[in-house]
Student: 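What follows is a single structure, and I will ask about it in a moment.
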Amino acid sequence: MEIAAVIVALVFALVVALAVFATVKAVRAVQRGVDRTVTQARRTVEDTRLKAKKYTQGGAAGEIADLRLSLRTSMRATQEVLRSGVAEDGSLSESLALFERLSAHGRELDEELRKLETEPDRERVAARLPEVRERTERVTHSANALRWAAQDRARRFAHDDLTELSEQIRMEAGALRHWEQEGEPSAEGRPAAGTGTGGTGAQDSAAEEAGARPALDKGPDPRWQTRHSWQQAKRPESTA
C-alpha cells in the first residue's frame with residue numbers, strides 16, 4: 001500500500017508539473033503575441049504620423065519626416081526578406097549578420113532624426129540636415145542592395161529549378177511515348193479494315209493488337225488516377 005501511495009503521489013506531482021509547464025508556456029506565448037501586436041501598432045501609428053507630416057509640412061520638418069520614413073521602410077523590408085530567406089538558403093546568414101550591424105547604424109540614425117524633429121533651433125536643424133541626409137542615403141542604399149541581391153538570388157534559384165524540372169518532364173514524356181521511338185506506323189499508314197484480299201486478316205490483327213495494348217485504347221486505369229488537393233471534385237449529373 002505504501003508503494004502504491006508513493007506511485008500515486010509521483011504521478012500526481014508529474015501531472016501538476018506538466019500542467020504548470022504548459023500554463024507558463026501558454027502565458028509566455030500570449031505575452032509575446034501581445035508584445036508583437038503592441039509593437040506593430042506603435043510602428044503603424046508612427047509611420048502614419050510621418051506620412052502626414054511629410055505631405056502637410058514643408059521645409060526641414062517635412063524633409064526629416066521623409067528621411068525617417070524612407071529609412072524605416074527600407075530597413076523593415078530588408079529585414080523581412082533576409083529573415084524569411086535564411087531558412088531556405090543558409091548562405092544568407094552572412095548577409096543577415098551584416099544587416100544586423102547595419103541596423104545598429106539605422107537605429108542610431110533614426111533616433112537622431114527623431115531628436116531633430118523636436119529641435120526648436122531651426123538654424124541648427126538646417127545645418128545638420130545635409131549630413132543626416134547623406135547618412136540616411138548611405139544606410140538605405142546598403143539595405144536596398146542586400147534586399148535586392150537576396151531577391152535576385154531567390155529568383156535565380158527558382159529559374160534554375162524550373163528549367164531542370166522542365167527538362168526532366170520532357171524526358172519523362174518522351175519515355176512514356178516509347179512507341180514513337182520504336183518506329184510504330186501511324187494510323188494513316190495502316191490499311192483500312194475490309195479492303196483488299198487480306199481484310200479479314202487485317203481485322204484479326206487489329207483485334208489482337210487492341211487486346212495486346214489495352215492501355216492505349218481503353219484509356220488510363222481509373223485506379224491510377226489520383227485527385228490532388230488543387231483539383232475540384234467532379235459534380236454529379238443530378239446536381240442542379
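Small disclaimer: the values here were computed from a predicted structure and weren't measured.
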Student: Considering residues at least two apart in sequence or located in another chain, which fulfil the side-chain contact (heavy atoms from CB on, under 4.5 Å) criterion with Val139?
Tutor: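 Scan of Val139 (side-chain contact (heavy atoms from CB on, under 4.5 Å), adjacent residues dropped) gives Leu71, Met75, Leu102, Leu109.
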
Student: Write down the atom of Thr78, the atom of Ala143, and the distance for their closest heavy-atom approach.
Tutor: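 In terms of heavy atoms, the two residues are closest at OG1-O, 3.0 Å.
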
Student: Considering only NZ, NE, NH1 and NH2 on the basic side and carboxylate oxygens on the acidic side, decide whether Arg114 and Glu117 come within less than 4.0 Å.
Tutor: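 Answer for the salt bridge query: no.
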
Student: So, for Leu113 and Thr136, which heavy atoms are closest and what is the spacing to 0.1 Å?
Tutor: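 Smallest interatomic distance, heavy atoms only, reads CD1-OG1, 4.0 Å.
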
Student: For residues 84-99, which residue pairs pass the salt bridge (Lys or Arg N to Asp or Glu O under 4.0 Å) check, not counting sequence neighbours?
Tutor: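 Counting only pairs at least two positions apart or across chains, the salt bridge (Lys or Arg N to Asp or Glu O under 4.0 Å) contacts touching residues 84-99 are Asp89-Arg153.
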
Student: Taking all non-hydrogen atoms of both residues into account, name the closest pair between His105 and Arg101 and its distance.
Tutor: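 For His105 versus Arg101, the nearest heavy atoms are CD2-O, 3.3 Å.
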
Student: Examine Leu67 and Leu69 and state if one hydrophobic cluster contains both, with Ile, Leu, Val, Met, Phe, Trp and Tyr joined whenever side-chain heavy atoms are less than 4.5 Å apart.
Tutor: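 Result: no, two separate clusters.
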
Student: Would Leu10 end up clustered with Leu18 when hydrophobic side chains under 4.5 Å apart are linked, directly or stepwise?
Tutor: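 Leu10 does not cluster with Leu18.
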
Student: Hey, are Glu131 and Arg135 close enough for a salt bridge, meaning a charged N less than 4.0 Å from a carboxylate O?
Tutor: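 The answer is yes: the pair qualifies as a salt bridge.
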
Student: Give the other cluster members for Met171, using side-chain heavy-atom distances under 4.5 Å between Ile, Leu, Val, Met, Phe, Trp and Tyr residues; answer none if it is isolated.
Tutor: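 When side chains under 4.5 Å apart are linked, Met171 ends up in no cluster with other residues.
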
Student: Would you give the length of the straight line joining atom CD of Glu134 to atom CG of Leu129, rounded to the nearest 0.5 angstrom?
Tutor: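 These two atoms lie 12.0 Å from each other.
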
Student: So, the side chain of Asn144 versus the backbone of Thr140: is there a donor-acceptor pair under 3.5 Å, distance only?
Tutor: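 Present.
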
Student: Would Arg147 and Leu82 satisfy side-chain contact (heavy atoms from CB on, under 4.5 Å), going step by step from the backbone distance to the final call?
Tutor: CA-CA 7 Å; Arg147 183 177 71 256; Leu82 293 180; over 6 Å; no

Student: Does Arg124, at its CZ atom, have more than 12 non-hydrogen atoms belonging to other residues, nucleotides or ligands within less than 6.0 Å?
Tutor: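 No, because the 6.0 Å sphere around CZ of Arg124 holds 12 heavy atoms or fewer from other groups.
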
Student: Does a sphere of radius 6.0 Å around CD in Glu123 hold more than 12 heavy atoms from other residues, nucleotides or ligands, not counting ones at 6.0 Å or beyond?
Tutor: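 12 or below, so no.
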
Student: Any chance you could measure Thr163, atom OG1, to Gln168, atom CD, to the nearest 0.5 Å?
Tutor: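 The distance works out to 11.0 Å.
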
Student: Decide, yes or no, whether a salt bridge links Asp152 with Arg155 under the criterion of side-chain N to carboxylate O below 4.0 Å.
Tutor: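 A salt bridge is present here (some side-chain N lies under 4.0 Å from a carboxylate O).
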
